[in-house]
Colleague: 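There's a structure below that I have some questions on.
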Amino acid sequence: MNRLSVDGINIISSPFKYVNANMYVIIEDDEAVVIDPHKDEEVTKYLKDVGVKKVLILPTHEHHDHTSGIYWYQENFESKLICQQETADVMMSKRYLHPMVISFILEEMDRKNGTHTLEEFKQSFVMKNYHADLMFDEEWAMNWDGHIFKFFHTPGHSKGSTLIIFDDKIAFTGDSLIQDWPIITRFPGSDHNKYVEYTLPLLQEKLKESYTILPGHGKPFVLGEIMKKGHIDVQFK
């Protein structure tokens with residue numbers, strides 16, 4: 001569990017040990033927002049110790065390294081799950097019960113490193129469908145304890161990928177924008193053309209150079225660090 005301070009906002013970050021995906025937590029009084037949840041007993045203990053009773057769960061997309069801990073926070077807190085419609089549809093489907101994308105990644109990793117991470121993940125994985133409490137389509141906004149969250153559908157990496165902007169200064173981009181990482185548009189449900197033709201222009205429009213980006217993998221960065229001649233510079237895989 002790590003602590004970040006971004007523009008006066010205190011944020012907890014926690015890496016998912018299997019593929020180093022990032023979970024982020026923001027706390028206000030007895031409520032917390034959990035973005036891209038995975039099971040973390042240290043984070044859970046901390047939330048209970050500081051008096052958190054309610055949790056708002058916000059996945060940036062439907063892949064299991066960003067959603068596998070939903071059940072954990074639902075079991076430990078009064079919770080509400082909010083996500084993009086495509087993400088909600090996938091999480092209610094039969095195919096969601098089989099974590100193909102993360103299994104493929106871990107299998108490749110094990111083959112390269114001689115490890116057994118996939119087997120460890122399978123033993124810990126909880127097979128479960130999720131019903132969203134609230135779904136949105138292309139964009140939506142909400143007030144949370146005096147803070148403004150804005151949501152924008154950003155397909156390409158996955159069908160339900162979502163950009164989440166917090167108080168017009170922090171952006172949670174999931175796997176749709178990561179510094180020094182290529183954007184993966186070759187998974188099932190990915191769409192390279194949608195990313196190039198729709199999502200990249202939307203990111204260009206909605207994000208400001210001064211925004212702090214909290215990505216689904218890797219370290220936080222300021223958007224301006226990956227811009228060239230006023231445009232967001234991305235690579236693909």
Side-chain angles (χ1 to χ4, degrees), residues 1-4 11-25 34-46 57-76 87 90-91 93-130 154-162 172-192 195 213-221 225-226 233-237:
M1 185 176 83
N2 305 305
R3 290 179 172 85
L4 308 171
I11 300 172
I12 294 170
S13 70
S14 166
F16 187 42
K17 63 179 180 179
Y18 300 107
V19 291
N20 202 30
N22 296 320
M23 174 176 70
Y24 300 103
V25 181
V34 179
I35 296 171
D36 287 350
H38 58 255
K39 179 180 177 180
D40 187 317
E41 294 183 353
E42 182 185 8
V43 169
T44 304
K45 182 180 183 302
Y46 178 77
I57 302 169
L58 307 177
T60 60
H61 62 294
E62 62 271 27
H63 290 160
H64 289 85
D65 50 332
H66 299 267
T67 61
S68 66
I70 291 175
Y71 80 95
W72 178 252
Y73 299 94
Q74 290 177 333
E75 290 178 358
N76 280 277
T87 291
V90 170
M91 291 195 300
S93 69
K94 288 183 179 180
R95 69 180 183 275
Y96 180 76
L97 297 175
H98 306 283
M100 293 182 293
V101 170
I102 190 171
S103 295
F104 171 76
I105 294 170
L106 294 179
E107 187 176 25
E108 282 193 341
M109 190 183 304
D110 286 343
R111 188 182 301 113
K112 183 183 297 183
N113 300 328
T115 53
H116 304 281
T117 311
L118 176 57
E119 186 60 33
E120 183 182 347
F121 169 75
K122 286 181 176 179
Q123 291 177 6
S124 68
F125 176 67
V126 174
M127 187 179 292
K128 186 177 176 65
N129 287 119
Y130 297 108
T154 52
H157 174 71
S158 76
K159 288 185 177 181
S161 287
T162 300
F172 301 91
T173 56
D175 291 2
S176 295
L177 192 63
I178 305 174
Q179 187 178 30
D180 300 325
W181 285 46
I183 307 305
I184 298 175
T185 56
R186 60 182 175 86
F187 288 152
S190 296
D191 191 318
H192 182 81
Y195 186 93
I213 307 300
L214 299 184
H217 301 266
K219 297 180 179 180
F221 61 97
E225 296 173 7
I226 63 166
D233 182 48
V234 297
Q235 304 298 318
F236 295 98
K237 181 177 179 180

Colleague: Can you list everything that forms a ring-ring contact (aromatic ring centres under 6.0 Å, His included) with Tyr96? Sequence neighbours excluded, please.
Modeller: His64
Colleague: Does a side chain donor of either Ser14 or His38 reach within less than 3.5 Å of an acceptor in the other side chain?
Modeller: yes
Colleague: Evaluate the side-chain hydrogen bond (donor to acceptor under 3.5 Å, both in side chains) criterion for residues Thr117 and Asp110: first the C-alpha distance (whole Å), next the side-chain angles of each, then the deciding distance (0.1 Å), finally the verdict.
Modeller: CA-CA 6 Å; Thr117 311; Asp110 286 343; 3.3 Å; yes
Colleague: Just by distance, with hydrogens left out, do His192 and Thr185 show a side-chain donor and acceptor under 3.5 Å apart?
Modeller: yes
Colleague: Hey, does the Lys NZ or Arg CZ of Arg186 hover above the aromatic six-ring of Phe236, less than 6.0 Å from the centre and inside 45° of the axis?
Modeller: no
Colleague: Partners of Glu120 by salt bridge (Lys or Arg N to Asp or Glu O under 4.0 Å), sequence neighbours excluded?
Modeller: Lys17
Colleague: With sequence neighbours excluded, tell me which residues meet side chain to side chain contact (heavy atoms under 4.5 Å, CB included) with Glu42.
Modeller: Met1, Asp40
Colleague: Which residues pass the side chain to side chain contact (heavy atoms under 4.5 Å, CB included) test with Asn76, sequence neighbours left out?
Modeller: Thr44, Lys48, Trp72
Colleague: Show the atom names and distances, to 0.1 Å, of all donor-acceptor pairs under 3.5 Å that link a side chain in residues 173-180 to residues at least two apart or in another chain.
Modeller:
from, atom 1, to, atom 2, distance (Å)
Thr173, OG1, Leu177, O, 2.7
Asp175, OD1, His66, NE2, 3.2
Asp175, OD1, His217, NE2, 3.3
Asp175, OD2, His66, NE2, 3.3
Asp175, OD2, His157, NE2, 3.2
Asp175, OD2, His217, NE2, 3.3
Gln179, NE2, Glu225, OE1, 3.2

Colleague: Tell me if a side-chain donor or acceptor on Asp191 pairs with a main-chain N or O of Gly156 at a distance below 3.5 Å.
Modeller: no
Colleague: With distance as the sole test, does Asp36 use its side chain to make a donor-acceptor pair with the main-chain N or O of Thr60 at under 3.5 Å?
Modeller: yes
Colleague: Do Glu75 and Tyr73 have side chains that get closer than 4.5 Å, going by heavy atoms?
Modeller: no
Colleague: ring-ring contact (aromatic ring centres under 6.0 Å, His included) with Tyr18: which residues, sequence neighbours excluded?
Modeller: Phe16, Phe121
